[in-house]
Amino acid sequence: MLKKLCSLNGTSGDEQAVRDFIIHEIKDFCEYRVDALGSVIAYKKGKKQPLKKVMFSAHMDEVGFIITYITDDGYLKFHPVGGIDARVVIDRVVRVGNRIGVIGAKAVHLLSDDEKKTAPGFSDLYIDIGAENREDAEKYVSLGDFAYFESDYCEFGNGFIKAKALDDRIGCLLLMELIKSDLEYDTYFCFNVQEEVGLRGALCSSYQVQSDISIVLEATTAADLCGVAGGERCCILGNGPVVSFMDGRTVYDKALYNLAFTTAEENHLKIQTKTAVAGGNDAGAIQSSGKGSRVLAVSLPCRYIHSGASTVKKSDIEETKKFLKAYLRKIYD
């Protein structure tokens, strides 16, 4: 299921394929509707009606690119959709509509001494789709079209997974599995759009649900890499789900944070926190929407996030599933 989700293309504002797939998978297990912005708001009946309204959320969109100009000689100029480091895209294969392209830059052999001292920015890059000229390129591509990393899903090493869009198809997977399971209490689930460009979908969907407690399922930056030590490693693949105390958008609910670690300890599960206040996710919008909501983010540690080769570990996915099952029994108390 994760392989299928990651193979779909759906950047911010272009989530239709992802939305259709998710609806096909959950429609027999819950009630759902699609709001005006495109987020899916699902409601799953449990055995009991809770005193507190609980919502789980994940976002459907992935980072990508949008075509802004076509040069006379048929190259495509583009802009990132979401937070992408220009250094990770050079020579990457991308898909633009039905065409394959390569993100190119001036060859190192042709760089001046000054150019060699700085990394190229997006304004220095282009997509080569093998067009003869602008007229030829315009047969296949229009301004405003989206481009996506063309990256195979593969498993490697000791239980690692490499794919595009793990942020946040992995959260969508977890939501789908919760919806298909037997729940003790009635619960809301939101598959949000446009997280990567400003948490826009979550702002709208959470205003509609007005939950008391909101759990965001995400992928988050791991830095357990060669040459990185101590707190700068942020979080580590293989050490279980990541529960943050604060990031660039949110100060998380202290009671929910403490309960997460208590739950993991009682059930002998791995859990970790993120030793960096950085980034952000839909919790930043949910927390302050409408009457406000208590929020917690439960994330999968992910290396090389926002690239065509994001990497997670299968054991962390399984540990997160176990944790969520145990945590669900606690948050309604």
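Count residues from 1 along the sequence. Below, each value reflects all heavy atoms present in this structure, side chains not excepted, and no hydrogens, waters or symmetry copies.
Atom CD of Glu138 is surrounded by more than 12 heavy atoms from other residues, nucleotides or ligands within 6.0 Å. Heavy-atom neighbours of Lys180 NZ from other residues, nucleotides or ligands within 6.0 Å: above the threshold of 12. Counting non-hydrogen atoms of neighbouring residues, nucleotides and ligands closer than 6.0 angstrom, the NZ atom of Lys314 reaches no more than 12 such neighbours.
Note on ring orientation: taking the six-membered ring where Trp is involved, the planes of Phe65 and Phe122 are tilted (angle from 30° to 60°).
Taking Ser315 as the reference, Lys313 meet the side chain to side chain contact (heavy atoms under 4.5 Å, CB included) condition, with sequence neighbours excluded. Tyr332 pairs by the ring-ring contact (aromatic ring centres under 6.0 Å, His included) definition with Tyr185, not counting sequence neighbours. Partners of Lys321 according to the side chain to side chain contact (heavy atoms under 4.5 Å, CB included) rule, which considers only residues two or more places apart in sequence or in another chain, are Leu174, Glu177, Ile317, Glu318. Residues satisfying the ring-ring contact (aromatic ring centres under 6.0 Å, His included) criterion with Tyr148, sequence neighbours excluded, are absent altogether. Residues satisfying the ring-ring contact (aromatic ring centres under 6.0 Å, His included) criterion with Tyr126, sequence neighbours excluded, are Tyr75. Qualifying side chain to side chain contact (heavy atoms under 4.5 Å, CB included) partners for Arg92, counting only residues two or more places apart in sequence or in other chains: Phe149, Ala309. Among residues two or more places apart in sequence or in another chain, the side chain to side chain contact (heavy atoms under 4.5 Å, CB included) test is passed with Tyr207 by Gln210, Ser289. Among residues two or more places apart in sequence or in another chain, the ring-ring contact (aromatic ring centres under 6.0 Å, His included) test is passed with Tyr188 by Tyr43.
Between the CG atom of Leu269 and the OG1 atom of Thr320 there is a distance of 9.5 Å, given to the nearest 0.5 Å.
Residues Phe156, Leu237 make up the rest of the hydrophobic cluster containing Phe160, defined by ILVMFWY side-chain heavy atoms closer than 4.5 Å, directly or through other members.
When Arg99, Lys164, Arg95 are each tested for a salt bridge (Lys or Arg N to Asp or Glu O under 4.0 Å) with Glu150, only one passes: Arg95. Remark: of the listed residues Ser307, Cys235, Ser310, Ser310 is the sole one forming a side chain to side chain contact (heavy atoms under 4.5 Å, CB included) with Cys302.
Checked by atom type and distance alone, the side chain of His306 pairs as donor or acceptor with a backbone atom of Gly83 at under 3.5 Å. Under the 3.5 Å distance criterion, the side-chain polar atoms of Asp316 are matched with a main-chain donor or acceptor of Gly240. In this structure, Asp253 contributes its side chain and Ala255 its backbone to a donor-acceptor pair below 3.5 Å. Of the possible polar contacts, one joining the Thr275 side chain to the Gly231 backbone as a donor-acceptor pair under 3.5 Å is found. Side-chain atoms of Lys44 never come within 3.5 Å of backbone atoms of Leu183 as a donor-acceptor pair (strictly under, hydrogens ignored). In terms of modelled atom types and a separation under 3.5 Å, the side chain of Arg169 and the main chain of Met60 share a donor-acceptor contact. With hydrogens and angles disregarded, no donor-acceptor distance shorter than 3.5 Å links the side chain of Asp136 to the backbone of Ala131.
For Thr11 and Asp61, the side-chain atoms include no donor-acceptor pair closer than 3.5 Å. For the residue pair Asn281 / Glu195, no side-chain donor-acceptor distance below 3.5 Å is found, with atom types taken as modelled. In this model, no donor atom of one side chain and acceptor atom of the other lie less than 3.5 Å apart for Tyr140 and Asp145.
At least one side-chain heavy atom of Ile22 sits less than 4.5 Å from a side-chain heavy atom of Met176. For the pair Thr71/Asn133, no side-chain contact is recorded, criterion being any heavy-atom separation below 4.5 Å from C-beta on. Side-chain contact check for Glu15 versus Gln194: some heavy-atom pair is nearer than 4.5 Å. Proximity of Phe56 to Ile179: side-chain heavy atoms (C-beta onward) are nowhere separated by under 4.5 Å. Inter-residue side-chain proximity for Phe21 and Lys4 is flagged as met; some heavy-atom pair is nearer than 4.5 Å. Proximity of Val312 to Leu166: side-chain heavy atoms (C-beta onward) are separated by under 4.5 Å at one or more points.
Counting only residues at least two apart or on different chains, the salt bridge (Lys or Arg N to Asp or Glu O under 4.0 Å) pairs with a member in residues 68-87 are Asp72-Arg134, Asp85-Arg87. Pairs of residues two or more places apart, or lying in two chains, that qualify as side chain to side chain donor-acceptor pair (under 3.5 Å) and include a residue from residues 221-237 are Asp224-Arg303. Pairs of residues two or more places apart, or lying in two chains, that qualify as side chain to side chain donor-acceptor pair (under 3.5 Å) and include a residue from residues 263-273 are Tyr257-Thr273, Glu266-Lys330.
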Starting from the C-alpha separation in whole Å, work towards a yes-or-no answer on side chain to side chain donor-acceptor pair (under 3.5 Å) for Glu218 and His59. CA-CA 8 Å; Glu218 259 284 11; His59 66 89; 3.0 Å; yes

Begin with the C-alpha distance, continue with both residues' side-chain angles, and end with the deciding distance and a verdict on side chain to side chain donor-acceptor pair (under 3.5 Å) for Lys274 and Thr220. CA-CA 9 Å; Lys274 188 175 179 179; Thr220 194; 2.8 Å; yes

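Ion pairing between a basic and an acidic side chain is recognised when a charged N comes within 4.0 Å of a carboxylate O; Asp212 and Lys52 show no such pairing. By the 4.0 Å N-to-carboxylate-O rule, Asp182 lies too far from Lys47 to be salt-bridged with it.
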